[in-house]
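Only one structure is covered here, and it is reproduced in the block below.
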Amino acid sequence: MKNQVQLITYVDRFGGSGVQALHRLLTTSLEGVFGGVHLLPFYTPIDGSDAGFDPDDHLTVDPRLGDWGDVLELSNSTDVMADLIVNHVSSRSPQFADVVARGSDSPWFPLFLTYQSVFPDGAREEEITAIYRPRPSLPWTPYTLGGTNHLMWTTFTPQQLDINVETEVGKAYLNSILDRFEQSGVSMIRLDAAGYAIKRPGTRCFMLPETYAFIQQLSDNAAARGIETLVEIHSHYQTQIDIANRVGRVYDFALPPLILHLLFTGDARPLVNWLEQSPRNCITVLDTHDGIGVLDVGADGDKPGLLAPEAIDQLVETIHQRSNDQSRLATGAAASNLDLYQVNCTYYAALGERDNEYLIARALQFFAPGVPQVYYTGLLAGGNDMGLLTKTGVGRDINRAYYRSADIDDALERPVVQQLIGLIRLRNEHSAFDGTFTLDLADNQLTLSWANSDARLTLTLDCLARRARITDHTGAELFVL
């Protein structure tokens, strides 16, 4: 992966209906802006129960978007990342359809994880309540398979059936996807929901020692095909640090709420505390297709978080206030596809659509250690899509707008977007970012610096005034925010 800003986008929601249209956009209006692109699930179909994260067929590009040849052509001009959906397969998949028809006689039966396979003697109440849950429902759904009733493990939704990744059939399924990626020029994969892949009775069924071993093996399999691995884990910050020592790259999911906390309160100490220990092999984000996470800065049992519980409560409440209660309508019990660890809101709206604070947030992201990734709505400083939320009733759709080519052209004329692209180009092109990172906090002034031989860049933020500037080694001001 290049040490340049990466784009993350849905293929069908950003300027056209297919891979070819996105390719044109990246080589015309956005030429040279991004060092790579993460294509969110583009498999068949893109409009299932979870916006592509529940593919019927992980090995086929949705024909409405193009085919693997289009992906290969895109990869010839920019680095391409794709999602390997590790934890589950759609209930509409041909594999599961065969299991429904034939039950345990189906060769695909070992692909799917059942309650019985984890708890052959049944589960006690304390074992069930110990299971780590991203959503408030139980992790099982009843299905009739070949005339016999089974409880199928469904960590996320009843339509997303967990894979038994420890069986030979499960391993072969995942390797077949890696083979397809290799053939199509995909140079990096994101392991989606990998933390839930291994289940054991009497445990949390999340990030077990066996999970680390599984992730390591899958990463090794990808590396043998020339593919880098990014692991997506929403968890306590110490877990992120631990897994970062074992894999290629991890997300820095703590950064978005800590930057919001700074801009809401003027208190930079939690951010500084984190940046002093955060993994250096990370992908930094402010926004993603999944909303703004808060679990990543919270406590886990007796392990304190990066923010105190009352600070997290105030952070969430301030997002609701700044967004004129739009985020409140899309979060928690108000929204379907409910997650316990996120606030559904665009980052721009979370800041009250205040241009200078939004640009400061992006500057902090670009100066933080790691490779920055910018979500497509964030690139365009997009507000909340209340129309789409009303239409679908899915909370996360507030941050998953559809942009036509004309919408993008209009957005690119906005000063806040032009300044953001200027910051992106600085992050991409300045050699200082290949050097050494330092930070300092004194008298409410936060300073982040990068130095590489004679090249130097410094971001200085007045935390109380919410004013920032970027200077070079001569002291010349490159940006005033």
Practice problem: Determine, stepwise, if the pair D252 / W274 fulfils side-chain hydrogen bond (donor to acceptor under 3.5 Å, both in side chains). | Solution: CA-CA 10 Å; D252 184 349; W274 172 237; 2.9 Å; yes
Quiz item: Do the ring planes of Y196 and F206 sit parallel (below 30°), tilted (30 to 60°) or perpendicular (above 60°)?
Solution: tilted
Quiz item: According to the interplanar angle, ranging from 0 to 90°, do the rings of Y115 and W140 count as parallel (below 30°), tilted (30 to 60°) or perpendicular (above 60°)?
Solution: perpendicular
Kindly write out the residues that satisfy side-chain contact (heavy atoms from CB on, under 4.5 Å) with [X], not counting sequence neighbours, or none if the list is empty.
X    : value
P41  : Y43, F53, D83, I85
A411 : L380
N149 : T144
D313 : none

Check this for me, if you would: do [X] and [Y] make a salt bridge, where the nitrogen-to-carboxylate-oxygen distance has to be below 4.0 angstrom?
X    : Y    : value
R200 : E166 : yes
E228 : R190 : no
R225 : D179 : yes
R400 : D385 : no

Quiz prompt | Heavy atoms of other groups near R404 CZ, more than 12 under 6.0 Å | solution = no
Quiz item: Is the CD atom of Q277 crowded by more than 12 outside heavy atoms at less than 6.0 Å?
Solution: yes
Quiz item: Do N384 and C345 have side chains that get closer than 4.5 Å, going by heavy atoms?
Solution: yes
Quiz item: How close do R427 and N3 get, heavy atom to heavy atom, and via which atoms?
Solution: NH2-OD1, 2.8 Å
Self-check item: I292, I319, T331 screened by side chain to side chain contact (heavy atoms under 4.5 Å, CB included) with N344, the one that passes
Solution: T331
Exercise. Please list, chain by chain and in numerical order, all residues satisfying ring-ring contact (aromatic ring centres under 6.0 Å, His included) with H236, sequence neighbours excluded.
Key: none
Exercise. Run the ring-centre check on Y143 versus H150 and record whether the distance is less than 6.0 Å.
Key: no
Practice problem: For this output row, return yes or no: ring centroids of F42 and W68 closer than 6.0 angstrom. | Solution: yes
Quiz prompt | Under 3.5 Å side-chain donor-acceptor pair for Y348 and D287 | solution = no
Quiz item: Would D98 and S106 count as having a side-chain donor-acceptor pair, cut-off 3.5 Å?
Solution: yes
Quiz prompt | Contacts of N245 that satisfy side chain to side chain donor-acceptor pair (under 3.5 Å) - sequence neighbours left out | solution = none
